[in-house]
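Written out below as structure tokens is the structure these notes cover.
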Number of protein chains: 2
Amino acid sequence: MNAPDKAIEGAETAPDATLRQFSGYVMKRAVAVVRNDINAALTPLGLRMFSFSALVVIVDNPGLRQAQLADALAVERPNVVSVLDDLQSRGLVRRGRAPGDKRAYALEATEAGQDLCRQALQVVTEHEARVTHGLDEGQRLALIRALSIMEQTGRAPAGREDDDES
Amino acid sequence: MNAPDKAIEGAETAPDATLRQFSGYVMKRAVAVVRNDINAALTPLGLRMFSFSALVVIVDNPGLRQAQLADALAVERPNVVSVLDDLQSRGLVRRGRAPGDKRAYALEATEAGQDLCRQALQVVTEHEARVTHGLDEGQRLALIRALSIMEQTGRAPAGREDDDES
DNA sequence: TCACTTAGATATCGTTTGTATCTATCATTA
DNA sequence: TAATGATAGATACAAACGATATCTAAGTGA
């Protein structure tokens with residue numbers, strides 16, 4: 001039944017071989033897989049990729065404001081509101097008063113939030129080991145570095161040629 | 001205006017430094033940037049990342065069926081229907097009759113579809129050059145290879161240790 | 001012929017993320 | 001100090017993406 005050779009007439013190995021030349025295509029496919037795995041891993045903790053990220057940033061940066069959190073996570077400000085509502089309602093995060101500005105909140109993780117963060121970091125570290133199992137550490141670091149560079153390059157105004165940021 | 005030193009108390013360089021250890025996080029951020037750029041580049045052609053991908057696969061694999069297209073793009077079958085409706089209504093793709101199976105279609109690109117595909121490939125190639133401008137070719141290929149490996153690793157049943165696929 | 005499977009279409013939902021707008025509160029200055 | 005404009009967060013809404021469930025028509029096999 002399973003014909004190992006499912007060659008489509010004059011197809012070049014894979015039907016999407018042309019697309020696989022482009023990093024964006026391969027990235028999109030890889031992200032889908034990784035997101036599924038990481039969300040499955042975090043579900044038992046009541047977290048998703050995004051709420052996990054928010055929690056980690058808050059734990060690491062006590063006193064952070066919501067707008068700074070949004071900036072750090074590269075999303076628009078409204079997107080953090082419901083996540084914080086959730087984390088706060090579960091007693092993981094407090095929206096403390098920002099000193100000297102009654103509009104703003106100073107975000108901080110509770111003890112429970114820090115505990116959960118530690119657990120989640122372990123879960124995600126295991127996830128990372130799982131999905132990068134096919135890479136050695138040098139490849140893994142090179143991957144992260146390359147992705148970071150691409151993010152920055154793509155965020156820069158298109159058409160600019162100067163890389164200086166001194 | 002721009003205070004170059006926005007150090008947050010005892011923050012470690014970047015507020016999301018912890019998260020940047022994880023490939024999934026960096027991938028997600030990079031994908032967002034790349035997707036925006038590629039979609040902006042394709043908009044003048046009336047394409048998006050996904051319809052572009054579908055068009056390329058159809059051009060490369062004449063006679064392909066919808067289910068095979070969905071498989072090739074790693075999405076569920078309903079997701080290709082509306083994209084094909086669009087491509088077909090614009091005269092870029094034909095849903096020809098599949099020989100010997102009246103349920104199935106044999107997809108093929110029209111002349112116009114092939115033309116547009118060529119243009120789109122050029123646009124996307126330029127996009128690729130733009131976003132990978134910070135990488136040399138070796139890094140770019142290593143990135144693509146690493147992402148492919150991760151996709152495959154992550155798709156494999158979790159917890160398995162055997163890599164054999166003979 | 002009857003039961004089962006498969007290709008594609010339709011309907012619907014969930015997630016993720018963005019834009020626009022509202023409010024309270026700042027900060028500035030006439 | 002009152003008016004103006006900017007900013008922090010909340011709310012409402014919408015667009016894009018992708019999945020599941022189910023329907024139909026057509027194929028397959030006992």
Side-chain angles (χ1 to χ4, degrees), chain A residues 1 24-25 27-36 38-40 42-43 47-54 58 63-89 93-107, chain B residues 1 24-25 27-40 42-43 46-54 58 63-89 93-107:
Chain A
M1 277 320 111
Y25 176 76
M27 272 175 57
K28 183 190 157 232
R29 293 184 62 123
V31 162
V33 166
V34 168
R35 181 164 32 77
N36 280 351
I38 206 169
N39 279 337
L42 285 173
T43 291
L47 294 174
R48 312 208 193 104
M49 196 170 176
F50 188 63
S51 49
F52 161 73
S53 301
I58 293 168
L64 203 73
R65 296 172 175 209
Q66 292 190 194
Q68 293 176 308
L69 175 62
D71 263 20
L73 296 174
V75 298
E76 296 304 313
R77 279 115 275 169
N79 293 320
V80 304
V81 175
S82 62
V83 172
L84 289 172
D85 287 349
D86 174 58
L87 294 177
Q88 186 181 32
S89 75
V93 156
R94 262 190 300 266
R95 288 201 245 223
R97 303 190 60 96
D101 192 336
K102 282 178 209 157
R103 301 170 297 177
Y105 293 127
L107 300 173
Chain B
M1 282 317 133
Y25 177 75
M27 270 175 58
K28 183 191 158 231
R29 292 182 64 122
V31 161
V33 167
V34 168
R35 181 165 31 77
N36 280 352
D37 187 272
I38 206 169
N39 280 336
L42 285 173
T43 291
L47 293 174
R48 301 160 184 268
M49 197 171 176
F50 188 63
S51 49
F52 160 74
S53 301
I58 293 167
L64 203 73
R65 297 174 173 207
Q66 293 190 194
Q68 291 176 308
L69 175 63
D71 263 20
L73 296 175
V75 298
E76 295 304 313
R77 279 118 274 168
N79 292 321
V80 302
V81 175
S82 62
V83 172
L84 288 173
D85 287 349
D86 174 58
L87 295 177
Q88 186 182 32
S89 74
V93 156
R94 262 192 299 268
R95 289 201 244 222
R97 304 191 60 97
D101 193 336
K102 283 178 209 160
R103 300 170 300 177
Y105 294 127
L107 301 174

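Since the structure is predicted, the reported quantities are computational estimates derived from the model, not experimental observations. All chains are named by letter (A, B, ...) in the order of the sequence lines, taking the proteins before the strands, and each is independently numbered beginning at 1.
Note: CG (B:Asp101) to P (C:dG8) measures 8 Å, nearest angstrom. C:dA9 atom C1' lies 16 Å from atom CG of B:Asp86, rounded to whole Å. Note: CZ (A:Arg65) to P (C:dT25) measures 14 Å, nearest angstrom. B:Glu76 has its CD atom 15 Å from the P atom of C:dA9, to the nearest Å. The distance between atom CG of A:Leu84 and atom P of D:dT11, rounded to the nearest whole Å, is 12 Å. Summarising the geometry, the separation between CZ on B:Arg103 and C1' on D:dG27 is reported as 4 Å, rounded to the nearest angstrom. Rounded to whole Å, atom C1' of D:dC17 lies 12 Å from atom CE of B:Met49. The CZ-P distance, from A:Phe50 to C:dT17, rounds to 7 Å in whole Å.
Among the heavy atoms of the strands lying under 4.0 Å from B:Gln66 are primed sugar atoms or P, OP1, OP2 only; no base atom is included. Heavy atoms of A:Arg35 sit nowhere under 4.0 angstrom from any nucleic acid atom.
Mapping A:Ala106 and B:Pro78 onto DNA chain D by nearest heavy atom places A:Ala106 at the nucleotide closer to the 5' end. Mapping A:Lys28 and A:Val81 onto DNA chain D by nearest heavy atom places A:Val81 closer to the 5' end of the strand.
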